[in-house]
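Quick note: numbers below take in every heavy atom, side chains included, and nothing from hydrogens, waters or symmetry partners.
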Amino acid sequence: MDGRQRQKRRADFELNSDFISTMPAEIIENILVRLPIKEAVRTSILSSKWKSLWASISDLVFTEKISESELIRSVDNVLRLHQGSILKFELHSYELTCEETINRWLLFLSKNGLKDLRLSFNIYKDCKVPSSLFSCNKLEQLEISGFSACTISAPQCFQGLNLLRNLTLGNCHLVGITIEKFISGCPLLESLTLFEFVEHGCLAIRAHNLTHLDLLGITCTDLLLETPKLTHASIHFDHMPHGVLKFGSASDGSNNRKLLRSIGALSNIEELDIGSKFFRYLASGPIPEKLPVTFYHLKKISIYLDGSGKGVDTALCIFRKAPNLNTLCLTVPRQSIWEEQRITSISFLERLEVVVILDFEETVSMLGFAKFILSAAPQLEKLVIDERDINNLDLGMGFRMKLASLPRLSSKAVIVFDRSSY
């Protein structure tokens, strides 16, 4: 390398160094909070201005796959050197099981204005989250999940988390408090996600500001929703932790009011996703002649129809109260139920624009359903069928040609063989 090349490299280095050194502090912090904490610490070598800035970033995220001792040492060092508020603390641990260590960290974080706490324990051992969690009384977002069972202990005098807006609990077991009391102690709660969650009795959710609800893999005897502002709900009892689903064992007569107690009063619902076993739960009780509310805001519904007469009546009970339904996603059962007069007279078809076939088992019922929808929905734009379902049944061009030849009430209706965007 000659002298001119060395001189140019030195000039380039000095220019870059000056650029890094002169960046505004708020921009530097904006960069640092987007880095894993280990990389954020390493930026201290870039310039003297960066040397101590990592120690004042408000978001601390630990996601590295390291041993328990290394993780404890890393978190301890960062917390010891940190200056200022810690608004977010996120930890993905593949080793940590020490309750005392978690307790110590939570007590420290509770004194530093923590608003967002996310703990994920990706280990096969049971883990425990101590009651010091509830000392973080400024929390607005809380996410706790475990690959194995995760126990959360509540203090004897639970005061609630009065500022909490988003709550996610995955594979968690509550000690010293019920999920009903936990939720009722969060008056501002807007979003709730429970997955792999067991409630030995009625799962009662009373949350008057809740707008989004996801229940995935829930075991319970009954479901009660008192959530008047709910706009989006996905309820799946599909993947049960113990492979056991208990329905209708309540002794208070709730077995006769399943549809009414769960979704019958969701007057503001906009999107509703009903899993197959939750649908069976709804259909297992008496079907009311009509629901007490009309779902004027319901635009999209996904439903795993089982095809039984009672299942059809349950679905129709919902559809009749959804006059503005725009998108319908459903499975197609074997029975040719859609040709019956009780279905063809339903007004929910009038505004349908998109129908998505989630699954179908054989061609006769599928063709019958496609014929019914295409001939009865005046505003239909798309009938969506997954290419994989056709391939799995080894259907060729003949099936596609039969679909393409079906008469259509809507001049805009097309058949799309791709479900990826729905």
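Put simply, the side chain of Ser74 never gets that close to the backbone of Leu71: no donor and acceptor are under 3.5 Å apart. His82 contributes a side-chain N or O that, together with a main-chain N or O of Ile57, makes up a donor-acceptor pair within less than 3.5 Å. Although no hydrogens or angles enter the test, the distance criterion places no donor-acceptor pair under 3.5 Å between the side chain of Ser131 and the main chain of Pro155. Of the possible polar contacts, none joining the Asn103 side chain to the Glu99 backbone as a donor-acceptor pair under 3.5 Å is found. In this structure, Tyr281 contributes its side chain and Phe237 its backbone to no donor-acceptor pair below 3.5 Å. Side-chain atoms of Arg408 come within 3.5 Å of backbone N or O of Ala413 as a donor-acceptor pair. Between the side chain of Ser410 and the main chain of Leu380, a donor-acceptor pair closer than 3.5 Å is present. The closest donor-acceptor contact from the side chain of Thr211 to the backbone of Glu190 lies under 3.5 Å.
Considering only heavy atoms from C-beta on, Leu403 comes within 4.5 Å of Leu367 through its side chain. Inter-residue side-chain proximity for Arg165 and Ser191 is flagged as unmet; no heavy-atom pair is nearer than 4.5 Å. Contact of the Cys150 side chain with the Cys127 side chain is registered, since non-hydrogen atoms from C-beta on lie closer than 4.5 Å. Taking the side chain as every heavy atom from C-beta outward, Thr219 and Phe197 never approach each other to under 4.5 Å. Annotation: side chain of Asn137 is not in contact with side chain of Ser110 (no heavy-atom distance under 4.5 Å). Between Leu142 and Leu161, the closest side-chain pair of non-hydrogen atoms falls below 4.5 Å. Within the 4.5 Å cutoff, side-chain heavy atoms of Ile373 are placed close to those of Leu349. Counting heavy atoms from C-beta outward, Ile385 and Ile415 have side chains that approach closer than 4.5 Å.
Here Glu381 pairs with nothing under the side-chain hydrogen bond (donor to acceptor under 3.5 Å, both in side chains) rule; sequence neighbours left out. Qualifying side-chain contact (heavy atoms from CB on, under 4.5 Å) partners for Glu143, counting only residues two or more places apart in sequence or in other chains: Arg118, Gln141, Thr168. Considering only residues two or more places apart in sequence or on other chains, Ala154 meets the side-chain contact (heavy atoms from CB on, under 4.5 Å) condition with Phe134, Ile177. Evaluation of the salt bridge (charged side-chain N to carboxylate O under 4.0 Å, His left out) rule for Asp273 yields no partner, not counting sequence neighbours. Residues that satisfy the side-chain hydrogen bond (donor to acceptor under 3.5 Å, both in side chains) test with Glu140, not counting sequence neighbours, are absent from this structure. With sequence neighbours excluded, no residue satisfies salt bridge (charged side-chain N to carboxylate O under 4.0 Å, His left out) with Glu70. With sequence neighbours left out, Glu270 forms a side-chain contact (heavy atoms from CB on, under 4.5 Å) with Thr231, His232, His297. By the side-chain hydrogen bond (donor to acceptor under 3.5 Å, both in side chains) test, Asn326 pairs with Glu353, sequence neighbours left out. For Phe295, there are no ring pair (Phe, Tyr, Trp, His ring centres under 6.0 Å) partners, not counting sequence neighbours. Residues that satisfy the side-chain hydrogen bond (donor to acceptor under 3.5 Å, both in side chains) test with Asn209, not counting sequence neighbours, are Lys229. Under the side-chain contact (heavy atoms from CB on, under 4.5 Å) criterion, Asp76 pairs with Ile72, Arg104, Trp105, not counting sequence neighbours.
Considering CD1 of Ile86 and CG of Leu60, their distance stands at 5.0 Å, rounded to 0.5 Å. Atom CG of Leu225 and atom CG of Leu260 lie 12.0 Å apart (nearest 0.5 Å). Here the CG-CG distance, from Leu169 to Leu192, works out to 7.5 Å after rounding to the nearest 0.5 Å. For the atom pair CD1 of Ile183 and OG1 of Thr178, the computed distance is 8.5 Å after rounding to the nearest 0.5 Å. Between the CG atom of Leu174 and the CD atom of Glu199 there is a distance of 8.5 Å, given to the nearest 0.5 Å. With rounding to the nearest 0.5 angstrom, the OH atom of Tyr296 is 11.0 Å from the OG atom of Ser267.
The minimum heavy-atom distance between Thr294 and Pro323, with the atom names listed, is CG2-CD, 3.7 Å. Gly113 approaches Leu87 most closely through the heavy-atom pair O-CD2, 3.5 Å. Across all their heavy atoms, Gly275 and Tyr304 have their closest contact at CA-CD1, 3.9 Å. Closest non-hydrogen pair, Lys88 versus Val61, comes out as CE-CG2, 4.4 Å. Between Leu282 and Ile287, the closest heavy-atom pair is O-CD1, 4.0 Å. Across every non-hydrogen atom of Ile303 and Ala315, the tightest pair is CD1-CB, 4.1 Å.
Other residues, nucleotides and ligands contribute only 12 or fewer heavy atoms inside 6.0 Å of the NZ atom of Lys65. Residue Lys402 qualifies as open at atom NZ: its count of foreign heavy atoms under 6.0 Å is 12 or below. Within 6.0 Å of atom NZ in Lys321, more than 12 heavy atoms from other residues, nucleotides or ligands are found, so the atom counts as buried in its surroundings.
For the residue pair Ser284 and Lys258, a side-chain donor N or O sits within less than 3.5 Å of a side-chain acceptor on the partner.
Sorted by first and then second residue, the pairs that involve residues 175-186 and meet salt bridge (Lys or Arg N to Asp or Glu O under 4.0 Å), not counting sequence neighbours, are Glu180-Arg206.
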_Is there a side-chain contact (heavy atoms from CB on, under 4.5 Å) between Ile235 and Leu223? Walk through the geometry before answering._
CA-CA 10 Å; Ile235 307 175; Leu223 177 64; 4.2 Å; yes

*Could you walk me through whether Leu328 and Ile301 pass side-chain contact (heavy atoms from CB on, under 4.5 Å), step by step?*
CA-CA 5 Å; Leu328 172 63; Ile301 186 169; 3.7 Å; yes

*Audit row: Ile318, Ile263, side-chain contact (heavy atoms from CB on, under 4.5 Å) steps and yes/no*: CA-CA 9 Å; Ile318 300 171; Ile263 66 173; 3.6 Å; yes

*For Leu374 and Leu409, what are the C-alpha separation, side-chain angles and deciding distance, and is it a side-chain contact (heavy atoms from CB on, under 4.5 Å)?*
CA-CA 6 Å; Leu374 290 170; Leu409 182 60; over 6 Å; no

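Between Phe372 and Phe369, the ring-plane angle classifies as tilted under the 30° and 60° cut-offs.
Using a 4.0 Å cut-off between charged side-chain N and carboxylate O, Asp222 and Arg261 make a salt bridge.
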